[in-house]
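Quantities reported herein were computed from a predicted structural model and do not represent experimental measurements.
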Amino acid sequence: MDEVVRKVAALGLPGIILVITMATTGVGGAAAITAALAFLGPGGMLGGIALLGVTGLITEALTKGGIEQLLLAVYRDRAQSEPRAHLLNEIDRLPISADLKRFLKTEL
């Protein structure tokens, strides 16, 4: 058990997501991994693998800069191709604190 815990911990959040998905699919062995990956992402197993990779990148970005800087960077990038009013309305609907909403709107 300790060895499994160390290996999952080394994967970080993507590993935790994979464990939870494997547990909820109800299958075992290699079929569990295949089913879990297929369940995770659009496009079947390859989509699941891609989603795990993206999750790892998001986790790394969050640990380096925090949610404020990550969301701000995403919205600044989107502001280059989407109307500002649309983005501001979207920020209003996010399940985040009022302070974070205010920060994003001010910086955007």
Side-chain angles (χ1 to χ4, degrees):
M1 180 71 150
D2 291 340
E3 185 177 332
V4 172
V5 169
R6 282 193 299 273
K7 289 181 180 182
V8 171
L11 291 173
L13 182 60
I16 292 169
I17 291 172
L18 184 60
V19 168
I20 292 169
T21 306
M22 287 175 67
T24 60
T25 60
V27 291
I33 294 172
T34 304
L37 290 172
F39 179 75
L40 275 177
M45 191 168 89
L46 293 178
I49 292 170
L51 183 65
L52 280 178
V54 169
T55 303
L57 293 173
I58 292 170
T59 303
E60 183 179 341
L62 284 172
T63 58
K64 288 183 179 178
I67 191 167
E68 297 89 0
Q69 296 306 314
L70 178 60
L71 288 177
L72 180 59
V74 168
Y75 276 107
R76 281 185 176 160
D77 187 64
R78 290 181 59 197
Q80 295 176 10
S81 60
E82 297 180 45
R84 186 174 184 272
H86 171 75
L87 297 176
L88 293 175
N89 287 334
E90 184 177 299
I91 290 170
D92 279 333
R93 294 189 315 266
L94 290 176
I96 56 177
S97 70
D99 288 340
L100 182 51
K101 288 179 184 181
R102 192 171 24 260
F103 168 78
L104 291 172
K105 288 178 176 183
T106 302
E107 295 295 320
L108 189 61

For Asp77, the side chain to side chain donor-acceptor pair (under 3.5 Å) test, sequence neighbours excluded, returns none

- Item | Atom CD1 of Ile96 with >12 non-hydrogen neighbours under 6.0 angstrom | yes

Heavy-atom closest pair (Ala79 atom, Leu108 atom, distance to 0.1 Å) is CB-CD1, 3.9 Å

Applying side chain to side chain donor-acceptor pair (under 3.5 Å) to Glu90 and not counting sequence neighbours gives Tyr75, Arg78

Which of Arg76, Arg102, Lys101, Arg84 passes salt bridge (charged side-chain N to carboxylate O under 4.0 Å, His left out) with Glu107? It is Arg76

Worksheet item: Below 4.5 Å, heavy atoms only, C-beta onward: do Phe103 and Leu72 meet side chain to side chain?
Response: yes

Q. Heavy-atom distance under 4.5 Å between the side chains of Leu104 and Leu100, does that happen here?
A. yes

Residues 43-56 vs salt bridge (Lys or Arg N to Asp or Glu O under 4.0 Å), sequence neighbours excluded, gives none

